[in-house]
> 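Below is the structure I would like to discuss, written out as structure tokens.
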Amino acid sequence: MSDFRQQALDYHAYPVPGKISVELTKSAETVNDLALAYSPGVAEPVREIAADAKNAYKYTAKGNMVAVISNGTAILGLGNLGPLASKPVMEGKALLFKRFAGLDSIDIEVKHRTTEDFINTVENIADTFGGINLEDIKAPECFEIEKALIERCNIPVFHDDQHGTAIVTAAGMLNALEIQGKDINDALIVCLGAGAAAVACMELLIKCGAQREHIYMLDRKGVIHTRRDDLNEYKQMFANNTDKRTLQDVIADADVFVGVSGPDLLSADELKLMADKPVVFACSNPDPEIKPEVAYAARQDLIMATGRSDYPNQVNNVLCFPFIFRGALDVRATAINDEMKIAAVEAIRSIAKEPVPQEVLTASGVTELEFGPQYIIPKPMDPRLLPRVAKAVAEAAVATGVAQIELPENYMGDK
Ligand SMILES: NC(=O)C1=CN([C@@H]2O[C@H](COP(=O)(O)OP(=O)(O)OC[C@H]3O[C@@H](n4cnc5c(N)ncnc54)[C@H](OP(=O)(O)O)[C@@H]3O)[C@@H](O)[C@H]2O)C=CC1
Ligand SMILES: CC(=O)C(=O)O
Ligand SMILES: [Mg+2]
């Protein structure tokens, strides 16, 4: 067994199995403590919440709690391995919520027969949480699930693989194109993958200036084009009126490659066909569409990102979901709208252009990081992400009328 594989298994197994636990926030030592925490004292907040549901934010952990919910149908790029196998990833998301944004989070893996069953299950438990982070649910069901839950729940429901990925991709892409001296309006874009992440990434890039007709999207059958009769309504939005059929056909002269599909699907020869100074985001986890060492051996004029922590330029939704939920929950937003997403894009990309704090350099094991091809986006452990992204998101929620309370006074200081 490889060293790294064993290390990863040991990390999850010891000293206790898993990555999260529950801790108490109140004393429960004395008879008096128990009389307050449980019977009879607990009856008082019960009556308050029954009289006004908003009191759940005052007397329970609801307002600081996000449910990470999956059915395990698209676990990273590993595929449909079922709900239980998705648990380490979902515990991982809960770990990241706590570590980076101080949000309590619990993973819920749902076994279900129909899509409606899944929607009903989540709807029926939604009120207990401040927000719901849907994770690793495959397309196209994920689109129907998110839409239905947004309609039926009055807390933020956010499919991370769609919108978290799109926000971070847009932030990194705008910075990378700026460094390469290219304009997103003119960029020829190839997106390998046509699922949850792909559709949301391309829709957000279009909101940031990309031209829909400059985007070629591919699924397992090749280029998505108007003469195909096997396209779902989400793929149809990206159907190109073209004779091009393969990745080789569309990658020639492309400025941008976004991979949200699977491992090792972009060859060095295909990469060589791209335009000068290309941007290559090989975001499939854990194994990218092309390994950075293979890409740099083929050409050096590219900017390259992956979804992984162990290469430069980690384009991964971890840069978004803890902070967007922090901002949304702090103003009790009922939704996470486009304005909040764009605010997150701008906040994330702006941090990369500023001097990097020493603690980030230390945690990254480097002596220097400067805005440029090897540093287009902040590192997840950058302490500026929490105040800057959360505040931008909370302000956008207030400005667009989805916040239920005002921004707390001196929110996140003046970071
Ligand atoms: N870095 C990051 O932050 C993130 C990365 N990702 C990565 O993106 C990938 C997709 O995730 P997600 O969108 O949630 O999953 P989905 O299941 O919703 O979509 C997967 C898509 O990839 C396509 N695909 C799979 N294999 C191939 C192939 N050999 N050739 C062409 N297309 C292929 C599928 O095609 P078809 O429609 O024909 O089945 C489908 O359109 C995963 O690897 C995941 O790790 C996802 C979210 C965040
Ligand atoms: C990062 C992530 O959410 C994924 O690969 O699915
Ligand atoms: Mg995911």
Side-chain angles (χ1 to χ4, degrees), residues 68-81 86 88-97 107 133-146 158-173 190-204 216-224 228 230-238 245-248 250-251 257-267 270 280-290 304-311 313-322 348 377 380:
V68 175
I69 308 187
S70 185
N71 60 3
T73 50
I75 308 176
L76 309 175
L78 303 172
N80 183 351
L81 302 180
S86 78
V89 177
M90 303 313 133
E91 283 192 356
K93 297 282 175 179
L95 172 151
L96 297 167
F97 269 117
D107 62 296
N133 184 83
L134 299 171
E135 192 67 43
D136 290 1
I137 300 169
K138 78 175 173 65
E141 294 82 0
C142 63
F143 302 118
E144 181 190 340
I145 287 169
E146 190 196 43
F158 179 86
H159 182 199
D160 178 41
D161 298 284
Q162 290 184 58
H163 313 299
T165 315
I167 287 163
V168 180
T169 299
M173 187 59 66
V190 171
C191 179
L192 187 60
V199 167
C201 285
M202 292 306 115
E203 290 294 353
L204 192 58
Y216 290 106
M217 188 178 274
L218 299 94
D219 62 9
R220 283 173 221 265
K221 294 187 180 155
V223 172
I224 290 179
R228 276 180 62 174
D230 59 344
L231 302 177
N232 63 43
E233 61 185 291
Y234 310 98
K235 292 182 182 179
Q236 265 172 29
M237 305 275 285
F238 291 93
R245 294 291 179 263
T246 65
L247 179 57
Q248 273 221 338
V250 292
I251 201 80
F257 171 87
V258 175
V260 270
S261 48
D264 300 317
L265 294 171
L266 178 68
S267 70
E270 285 158 346
V280 174
F281 284 8
C283 292
S284 178
N285 287 306
D287 300 309
E289 283 74 5
I290 185 167
M304 166 101 212
T306 71
R308 296 165 55 128
S309 304
D310 51 355
Y311 290 110
N313 295 334
Q314 184 178 19
V315 168
N316 190 301
N317 48 37
V318 63
L319 288 175
C320 173
F321 67 80
I348 293 168
I377 196 141

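Just so it is clear, the values below take in all heavy atoms, side chains as well, and ignore hydrogens, waters and symmetry mates. Atoms within each ligand, like the ligands themselves, are counted from 1 in listed order. As the structure is a computational prediction, the values presented were derived from the model and not from experiment.
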> Would you please test Val190 and Leu247 for side chain to side chain contact (heavy atoms under 4.5 Å, CB included) and show each step?
CA-CA 8 Å; Val190 171; Leu247 179 57; 3.9 Å; yes
> Could an N or O of ligand 1 be found under 3.5 Å from any N or O of Ile137, whether backbone or side chain?
no
> Gly262 to ligand 1: N or O pair under 3.5 Å?
no
> Given Ala200, Ala196, Pro263, identify the one with the heavy atom nearest to atom 18 (O) of ligand 1.
Ala196
> Identify the protein heavy atom lying closest to atom 48 (C) of ligand 1, giving its residue, its atom name and the separation to 0.1 Å.
Thr165 OG1, 2.9 Å
> Do any N or O atoms from the side chain of Asn313 and from the backbone of Met304 form a donor-acceptor pair under 3.5 angstrom?
yes
> Specify whether an N/O/S atom of Asp161 falls short of 2.8 Å from the Mg ion (ligand 3).
yes
> Using the rule side-chain contact (heavy atoms from CB on, under 4.5 Å), only one of Val89, Asn285, Ile137 pairs with Ile75; which is it?
Val89
> Mind checking whether Asp219 contacts ligand 1 via backbone (N, CA, C, O), side chain (CB onward), both or neither, at a 4.0 Å heavy-atom cut-off?
both
> In the protein, which heavy atom is nearest to atom 13 (O) of ligand 1, and how far is it?
Ala197 N, 2.9 Å
> Please check if the distance between the ring centroids of Phe97 and Phe321 is under 6.0 Å.
yes
> For a 4.5 angstrom cut-off between non-hydrogen side-chain atoms, does Tyr234 reach Met217?
no
> Distance to 0.1 Å, residue and atom name: give those for the protein heavy atom nearest to atom 19 (O) of ligand 1.
Gly195 CA, 3.3 Å
> Are any of the N/O atoms on Lys138, whether in the backbone or the side chain, positioned under 3.5 angstrom from an N/O atom of ligand 1?
no
> Give me the nearest non-hydrogen protein atom to atom 24 (N) of ligand 1 as residue plus atom name, then the distance to 0.1 Å.
Ser261 CB, 3.9 Å
> Quick one: does ligand 2 sit under 4.0 Å from the side chain of Thr165, the backbone, both or neither, non-hydrogen atoms only?
neither
> Can you confirm, on distance only, whether ligand 1 has an N/O atom lying under 3.5 Å from any N/O atom belonging to Gly307?
no
> Is there a donor-acceptor contact under 3.5 Å from the side chain of Thr73 to the main chain of Lys138?
yes
> Check whether Asn232 reaches the backbone of Lys235 with its side chain - one donor and one acceptor, N or O, closer than 3.5 Å.
yes
> Distance to 0.1 Å, residue and atom name: give those for the protein heavy atom nearest to atom 43 (O) of ligand 1.
Ser284 OG, 2.7 Å
> Does a side-chain N-to-carboxylate-O contact under 4.0 Å join Asp287 and Arg308?
yes
> For the pair Leu192 and Leu266, evaluate side chain to side chain contact (heavy atoms under 4.5 Å, CB included) and give the outcome as yes or no after the intermediate values.
CA-CA 9 Å; Leu192 187 60; Leu266 178 68; 5.5 Å; no
> Can you give me the closest heavy-atom contact between Gly307 and Asn316, atom names plus distance?
O-ND2, 2.7 Å
> For atom 5 (C) of ligand 1, what's the nearest protein heavy-atom neighbour? Residue, atom name and distance, please.
Cys283 O, 3.1 Å
> Are any of the N/O atoms in Ala198 less than 3.5 Å from those in ligand 1?
no
> For side chain to side chain contact (heavy atoms under 4.5 Å, CB included), just list the numbers for Phe143 and Gln162, CA-CA rounded to whole Å, side-chain angles, deciding distance to a tenth of an Å, and then say yes or no.
CA-CA 9 Å; Phe143 302 118; Gln162 290 184 58; 3.5 Å; yes
> List the closest protein heavy-atom neighbour of atom 3 (O) of ligand 1: residue, atom name, distance to the nearest 0.1 Å.
Asn317 N, 3.0 Å
> If you measure from the Lys or Arg side-chain nitrogens to the Asp or Glu carboxylate oxygens, is any gap between Lys93 and Asp107 under 4.0 Å?
no
> Measuring from the Mg ion (ligand 3), name the closest N, O or S atom belonging to Asp136.
OD1
> Would you mind telling me if ligand 2 is within reach of the side chain of Asn316, the backbone, both or neither, using heavy atoms under 4.0 Å?
side chain
> Does Ser70 reach the main-chain N or O of Glu135 with its side chain, forming a donor-acceptor pair under 3.5 Å?
yes
> Please state which part of Asp136 comes within less than 4.0 Å of ligand 2, counting heavy atoms only: side chain, backbone, both or neither.
side chain
> Given Asn317, Leu96, Val260, which one has a non-hydrogen atom that is nearest to atom 3 (O) of ligand 2?
Asn317
> Okay, side chain of Asp136, backbone of Leu76: is any donor-acceptor separation there less than 3.5 Å?
yes
> Could you say whether the N/O atoms of Lys221 and ligand 1 ever approach to under 3.5 Å?
no
> Which residue holds the protein heavy atom closest to atom 38 (O) of ligand 1, what is that atom called, and what is the gap in Å?
Arg220 N, 3.1 Å
> Rounded to the nearest 0.5 Å, how far apart are CG of Leu218 and OG of Ser261?
9.0 Å
> With respect to the Mg ion (ligand 3), what is the nearest N, O or S atom of Glu135?
OE2
> Asn317 and Gly164: which non-hydrogen atoms are nearest, and at how many Å?
CB-C, 3.5 Å
> Please confirm whether Val315 comes within less than 3.5 Å of ligand 1 when only nitrogen or oxygen atoms on both sides are compared.
yes
> Closest heavy-atom contact between Ala171 and Ile348?
CB-CG2, 3.9 Å
> Would you check if the side chain of Glu289 reaches a backbone N or O of Asp264 as a donor-acceptor pair within less than 3.5 Å?
no
> Using a 4.0 Å cut-off to any heavy atom of Ala74, which atoms of ligand 1 qualify?
15 (O), 17 (O)
> Between Glu270 (side chain) and Ile251 (backbone), is there a donor-acceptor pair under 3.5 Å?
no
> Would you check whether Leu265 has a nitrogen or oxygen atom less than 3.5 angstrom from a nitrogen or oxygen atom of ligand 1?
no
> Just let me know how Leu192 lines up against ligand 1, side chain, backbone, both or neither, with a heavy-atom cut-off below 4.0 Å.
side chain
> Under 4.0 Å, heavy-atom basis, I'd like to know which part of Lys93 is in contact with ligand 2: side chain, backbone, both or neither.
side chain
> Using a 4.0 Å heavy-atom cut-off, say whether Asn285 meets ligand 2 through its side chain, its backbone, both or neither.
side chain
> Under 3.5 Å between any N/O of Gly193 and any N/O of ligand 1: does that happen in this structure?
no
> Geometry only, no angles: is Lys235 polar-contacting ligand 1 at N/O separations under 3.5 Å?
yes
> Please work out whether any backbone atom (N, CA, C, O) or any side-chain heavy atom from C-beta onward of Ala194 is under 4.0 Å from ligand 1, and answer side chain, backbone, both or neither.
both
> Using a 4.0 Å cutoff against the non-hydrogen atoms of Asp161, which atoms of ligand 2 qualify?
2 (C), 3 (O), 4 (C), 6 (O)
> For ligand 1, which atoms sit closer than 4.0 Å to a heavy atom of Val260?
8 (O), 9 (C), 10 (C), 22 (O)
> For Glu135, counting its heavy atoms only, list the atoms of ligand 2 lying under 4.0 Å from any of them.
3 (O)
> The test is side chain to side chain contact (heavy atoms under 4.5 Å, CB included); show your working for Phe158 and Leu134 and say whether it passes.
CA-CA 6 Å; Phe158 179 86; Leu134 299 171; over 6 Å; no
> Do NZ/NE/NH1/NH2 and the carboxylate oxygens of Asp219 and Lys221 come within less than 4.0 Å?
no
> Using a 4.0 Å cut-off to any heavy atom of Gly77, which atoms of ligand 1 qualify?
42 (C), 43 (O), 44 (C), 45 (O)
> Is Val89 touching ligand 2 with its side chain, its backbone, both, or neither, if touching means heavy atoms under 4.0 Å apart?
neither
